[in-house]
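Down below is the structure, laid out as structure tokens.
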Amino acid sequence: MQLLAYLGRRLLFVAPQLVGILLVSFFLLKLIPGDPAVMMLGPFATDDGLARLRAELGLDRSLLEQFLIYLGNVLQGDLGTSWQTTLPVTTDLAQRFPATLELVTLALLLALAIGVPLGVAGARYKKGLLRTTADYYGLFAGALPDFWFGLVLIFLFYTTWALVPAPLGRLDFVILPPPEITGSLLIDSTLAGNWQALRNAAGHLVLPVLTLGLINAGPILKMTQSTMERMLESDFSRYAEMCGLPERVVARKALRNALPSVVTIVSVLYGFLIGGAVLVEIVFSWGGAGQYAVGGVLNADLNPVMGFVLYSAILSLVIYLIVDLIYFAIDPRTR
Amino acid sequence: MSDRQPQDPVIALEGLTVAFPRYGGEPVRVLKGIDLALAPGEVVGVVGESGSGKTMLARAIMRLVPRPGRIEAGRISFDGRDMGQLDGEALRRLRGRDIAMIIANPRSELDPLETVGQQIGNVLRHHLTLDKPAIRARSLELLRQVSIPDPERRINAYPHELSGGMAQRVVMAIALACQPRFIISDDATSGLDVTVQAQVLELMRKLVVERGTSLLFITRDIGITAHFCDRVAVLFAGEIVEIGPRHAFFADPKHPYAILLLAAYAQNERLRRYWLGDTTAGAAEGPATTGCPFARRCVRAQDRCRTEHPRLEEMAPGHFARCHFPVER
């Protein structure tokens, strides 16, 4: 009951938050020099043609008016059209956002599977192989650029050993994609019973997921290790030791207490990687949301950028809500 | 020395010394040659100011000296067995089962994510072989023993839902869980209101006396020890400077430091004058000496005190003090 009231209160603030985010990003984007009309018509456009196009796009009106028009359209579910793809932004994003989500979600699961156990081991043992591995892993994962690491993996696994399909998108051209339901190729091909597509999509996912997962395990490891170390030195761990509880029980208590920090870093990484995975997306020609948004920024194609901002904002709000619910479940003090 | 040690002590410390290494120097010794033994059912109060080594004493007995400190010398025997010979697993089984700890600030020392029942149950499960219903029944019984009202409800409470006095009782229940032979109470009543403190102390006294448990009662409040300790020891700079039976100690304190502690605690002027006698309270702190560590703060200090370290000597039967010029009255 208390939980429902809390959820209701949170959802009440979602709409104003989203309008605020749109407002700020709209005006910030307008600060970037570049005229869409010039970009669209090319170098041989006439002044007349440019003026006509600007009027058509509403670029001759005041910024505030432009924003209100945009906001009105958004409320009707119209995010505008991208002049680069000539498709509605909603159509474009419906294809690209799930591509990025699938990639980032799997990568973070991998990162968790590596970072948490290694971080816990690094905190529990003051020396030894596991501790050394944890220390050096954190260092290397922090120092390696992900796009470079992706290229190394491509060279090894595709060029040299030919173990994975070509790093060109999410599916080979010859494979018939499954009907779109969730946008995730793994789920959709499973639902359709299309095992060939499933195997092929999984093969395409291996390298980019490895790239992002191995690199992002670094911060998760560091956060787990440092919080876990603090928890193991805290009063309640010392007391548990004095009560003669076995070391593994003390460690489990410490891990439970360290979990909120791990959840926090994962949620931050999740929100960040939606746009931040762009270099890896480019390396693997993934056709994801980050790539789409960067293309928009470089070509004064405003609508894709705004659409991306809106989608990421909604996603971030959902993630933070889930994080709060997880805190709720873990920590009785928040109840 | 041996004549003041009880015949079959539950716990005996002999020359216990704890040191912390210091970079490019002599290690810092926070406990220096502590000799102390507790008979079954005996209650010994240990009094000292902050930094005198009280908590380190508790942790050293548990063999949980924080890194990089270590037990440099001395022997701790429990039930005649040298604890230094036990491996980690055997020591762990001793902790919480045979030697229990009652701590200060229990609200930060209890795991914030587990209920009272889970925390008591943890100790029961890992030390005794009990099934689930037995653990619950025993936990409720323990909560009742420490006078927690409505234990059926409290067993599901989290530490942050408890008052300080209530949390203190929970910690006592955990200490009593396995019916230990020896309990260390480390400043356990310091954070409580006076009335709650009195209740908790009375409870502790009752439980210890009824079961014949030995209790090492570490505190910075010398007044508390007058209530129920059989013997009182005064700790200063990692050394026992005076130890004696309660009545002898309060009637005739010998060490100038013990006297200053008593005078500081005394609430009425007559008592204060009785203890202080011709000693005046407090002296300006002088330079450190190689002799008695209290010499720099002692009004009675003479040349000998600054050069020669005093030994713990018997002033009256069972009453020892570490002073070249003990106070006579």
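Chain identifiers are assigned alphabetically (A, B, ...) following the order of the sequence lines, protein sequences preceding nucleic acid strands; residue numbering begins at 1 within each chain.
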**OP:** For residues A:K126 and B:R67, determine if any side-chain heavy atom of one lies less than 4.5 Å from a side-chain heavy atom of the other.
**Re:** yes
Subject >> Residue pair A:M242, B:R95: steps toward the side-chain contact (heavy atoms from CB on, under 4.5 Å) verdict >> reply: CA-CA 6 Å; A:M242 285 180 179; B:R95 290 181 201 124; 5.5 Å; no
Original post:
Are there more than 12 heavy atoms of other residues, nucleotides or ligands under 6.0 Å from atom CZ of A:F140?
Top reply: no
Original post:
Contact part of B:M62 toward chain A, heavy-atom cut-off under 4.5 Å: side chain, backbone, both or neither?
Top reply: side chain
Original post:
Any side-chain heavy-atom pair from A:I330 and B:L113 closer than 4.5 angstrom?
Top reply: yes
Subject >> Closest non-hydrogen atom pair between B:R92 and A:P246, with its separation >> reply: CD-CA, 3.4 Å
Original post:
For B:L110, is it the side chain, the backbone, both, or neither that has a heavy atom closer than 4.5 Å to a heavy atom of chain A?
Top reply: both
**OP:** State plainly whether the residues B:E109 and A:R238 are in salt-bridge range, i.e. N to O under 4.0 Å.
**Re:** yes
Original post:
Atom OH of A:Y239 and atom CD of B:Q119: how far apart are they, to the nearest 0.5 Å?
Top reply: 8.0 Å
Original post:
Do side-chain atoms of B:H127 reach the backbone of A:C243 as a donor and acceptor pair under 3.5 angstrom?
Top reply: yes
Original post:
So which part of B:E114 gets closer than 4.5 Å to some heavy atom of chain A, the side chain, the backbone, both or neither?
Top reply: side chain
Original post:
Rounded to the nearest 0.5 Å, what separation is found between the NZ atom of A:K253 and the CG atom of B:D111?
Top reply: 4.0 Å
Subject >> Pairwise distance OG1(A:T334) to NE2(B:H160) - rounded to 0.5 angstrom >> reply: 8.5 Å
**OP:** Using a 4.5 Å cut-off on heavy atoms from C-beta on, say whether the side chain of B:P112 contacts that of A:R333.
**Re:** yes
